[in-house]
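Let me begin by presenting the structure, written as structure tokens, before commenting on it.
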Amino acid sequence: MRYRILLLVLVLLLNTVGVCPVAADTIELSAEVLRDKIRGGLLGQMLGNLNGLKHEMKYIDEPGNVTEYTPALPEGARTDDDTDLEWVYIYIMQAEDEIYLSPERITQLWKRRINRGIWCSNRFARNLMDLGFKPPLTGSFILNPWADFNISGQFLCETFALMAPAMPQTASCIGLNYTRVAIDLEPAQTTQLFCTMIATAFVENDIDAILDAGVAALDPDSAVREIVNDVRGWFREHPHDWRRTRSLVKEKYSRHNGKMRDRNGYELNTASTIAALVYGQGDFRRTLMTAFNFGWDADNNAATSGTIVGVVTGYRGMLSQGWQIVDRYENTKRDNMPTDETITSFADRIIDLAGKVIAQRGGQRTLIHGGPVYRIRRQVPANVYRLQDRKMHIADMRNEMMQNIERSIRDGAPEVDLARSAYLAICLDMADSLKTRYPQQWAKALNSLSGYPKFVRNIYYDPDIPSSLELRNRAKAAGLIKSPQ
């Protein structure tokens, strides 16, 4: 059973990293400019995230009315899920000199360091790990009911893109290695959209050109492409009326009566991020105010748009505004991580990794006229991970795993394997058959699954999003007993 799961994980991973990035030409960035833009991108992300928290989920039916905003971190930054999951990865990537951490290593890191301050698809993925699942299965839409719409594909990708300046395909590949821990399908397209835009912002200042690059990274059949095109079109029609565009976004993409599926879904939040960029037109303050006012999961949208404009503006350009920024990154949530990190030391880790990525992709650090310069093999934007056919993927997983699932339940496997098999059977629509043919063994398998109460609570008490309701009904029909809340 474990061998089969590892084989399936390998196949899923190859779908991501199997595309070789194509270099268009070689460009040069001074080490000073590279450092300035990486630091600017990270600071922009932190400002958008932490300054945006007071607007998070506040404006649903109607937009906000923020008319004045001065970016500031008077007490420094702190850990929040918008940046600190990436921080855990970055810290280990640098320490172990490895850009693509393996599924096994990622799982180890989560179990040791990421146990608090996680929500929705990330929390579900963490609890799947306790059953023995590893990425990217933890982010499969078949197993994780949040995975097909959650915004973890976008708000957990920005820092990885900072490692791949002018290399959008590489940025997407790195981002997907980590965002697919918790997401799948269209959210994986948002990873590619925003990673490409951030990588492009190192060599392009025009927001429209950066958006064009992002669109080129999307699957031709992706719904995200329509979202981006809609917002850009509405902006052209209403260039001085962001409220009208916000109304049009809500009218078309709010499909669940404003409940969690809307608030935390990629449609409304991707639209909000794109709107922040087109109405902000490269001005950092205006970009973030627009993200705040559009609402929904506003801090995440502000963080993503803030990263892009932060790269364009640069760290020195941002500090020259006189904003109060204390250089601190306080660890309040992540176990077994440093307690003395600063914003600049976090950025310096990314800068170090960016040098490694540049070298791995055929570039180099050299001296020109006595100054350090990076020669980068620039890449054209392109889609590196296509959308999957839902029905075909479910059928493939069922065919691949059904014999081992049945054997595990029929013959009695160790507790964790039995619990994992029971959950797979529920998700792959095998429960009724196994319950009929092996009633006693099936009851034992369900009892093993009940031994993971946090996971069972996820099934029964998570918000009523459509995929969760479907999973809950399947679990009830299979006989899984609801855990106390």
Side-chain angles (χ1 to χ4, degrees), residues 27 29-52 66 68-74 76-77 82-83 86 154-155 157-168 171 193-214 242 272-293 298-327 329 342-344 346-348 350-351 354 374 376:
I27 63 163
L29 278 183
S30 72
E32 182 180 358
V33 167
L34 183 77
R35 179 171 58 250
D36 186 59
K37 287 185 173 295
I38 289 175
R39 287 181 173 176
L42 184 64
L43 178 58
Q45 183 183 5
M46 290 182 176
L47 284 165
N49 170 209
L50 297 173
N51 290 178
V66 180
E68 296 292 334
Y69 165 62
T70 300
L73 293 171
D82 195 283
T83 59
E86 293 157 277
Q154 52 208 75
F155 83 82
C157 76
E158 305 103 330
T159 306
F160 304 116
L162 295 174
M163 296 165 47
M167 296 179 285
L193 171 71
F194 291 115
C195 280
T196 294
M197 292 172 68
I198 292 165
T200 302
F202 280 86
V203 290
E204 178 58 71
N205 293 336
D206 182 73
I207 294 298
D208 279 331
I210 292 170
L211 282 162
D212 287 342
W242 63 263
S272 299
T273 306
I274 300 303
L277 290 165
V278 295
Y279 280 98
Q281 285 299 301
D283 181 275
F284 189 83
R285 291 175 61 254
R286 191 156 32 127
T287 298
L288 264 62
M289 275 200 298
T290 305
F292 299 157
N293 280 325
D299 64 313
N300 295 308
N301 308 329
T304 303
S305 55
T307 305
I308 295 165
V309 180
V311 171
V312 171
T313 306
Y315 188 68
R316 287 177 300 175
M318 296 167 78
L319 292 187
S320 71
Q321 303 295 316
W323 302 334
Q324 188 179 3
I325 307 292
V326 172
D327 190 19
Y329 187 67
T342 63
I343 299 172
T344 52
F346 187 172
D348 287 346
I350 305 169
I351 294 164
Y374 286 97
I376 301 170

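Considering T196, I376, T200 as possible partners of M167, the one that fulfils the side-chain contact (heavy atoms from CB on, under 4.5 Å) test is I376. Checked against M289 for a side-chain contact (heavy atoms from CB on, under 4.5 Å), the options Y69, F284, W242 give a single hit: Y69. No option in T290, T287, L211 other than L211 meets the side-chain contact (heavy atoms from CB on, under 4.5 Å) test with V278.
Defined by atom type and a distance below 3.5 Å, a donor-acceptor pair is missing between the side-chain atoms of T307 and E158. Side-chain contact annotation: Q45 with T159, donor-acceptor N/O pair under 3.5 Å present.
Across every non-hydrogen atom of Q321 and G317, the tightest pair is NE2-O, 3.4 Å. When all heavy atoms of S305 and A276 are compared, the pair lying nearest together is OG-CB, 4.0 Å. Between E86 and F160, the closest heavy-atom pair is CG-CE1, 3.7 Å.
Distance alone, capped at 3.5 Å, places no donor-acceptor pair between the R285 side chain and the P71 backbone.
If you take CG on L73 and CG on N51, they are separated by 5.5 Å, rounding to the nearest 0.5 Å. Rounding to the nearest 0.5 angstrom, the gap separating the CZ atom in F194 from the CG atom in L277 is 7.5 Å. If you take CG on L43 and CH2 on W323, they are separated by 7.5 Å, rounding to the nearest 0.5 Å. The CD atom of E204 sits 13.0 Å away from the CD1 atom of I308 when rounded to the nearest 0.5 Å. For the atom pair OG1 of T304 and CG of D82, the computed distance is 6.5 Å after rounding to the nearest 0.5 Å. Residue I38 holds its CD1 atom at 13.5 Å from OH of Y315, rounded to the nearest 0.5 Å.
Within the 4.5 Å cutoff, the side chain of T344 has no heavy atoms near those of the Y329 side chain. Counting only heavy atoms from C-beta outward, the side chains of I325 and L47 approach each other to under 4.5 Å.
For D348, the salt bridge (charged side-chain N to carboxylate O under 4.0 Å, His left out) partners at least two apart in sequence or on another chain are R39.
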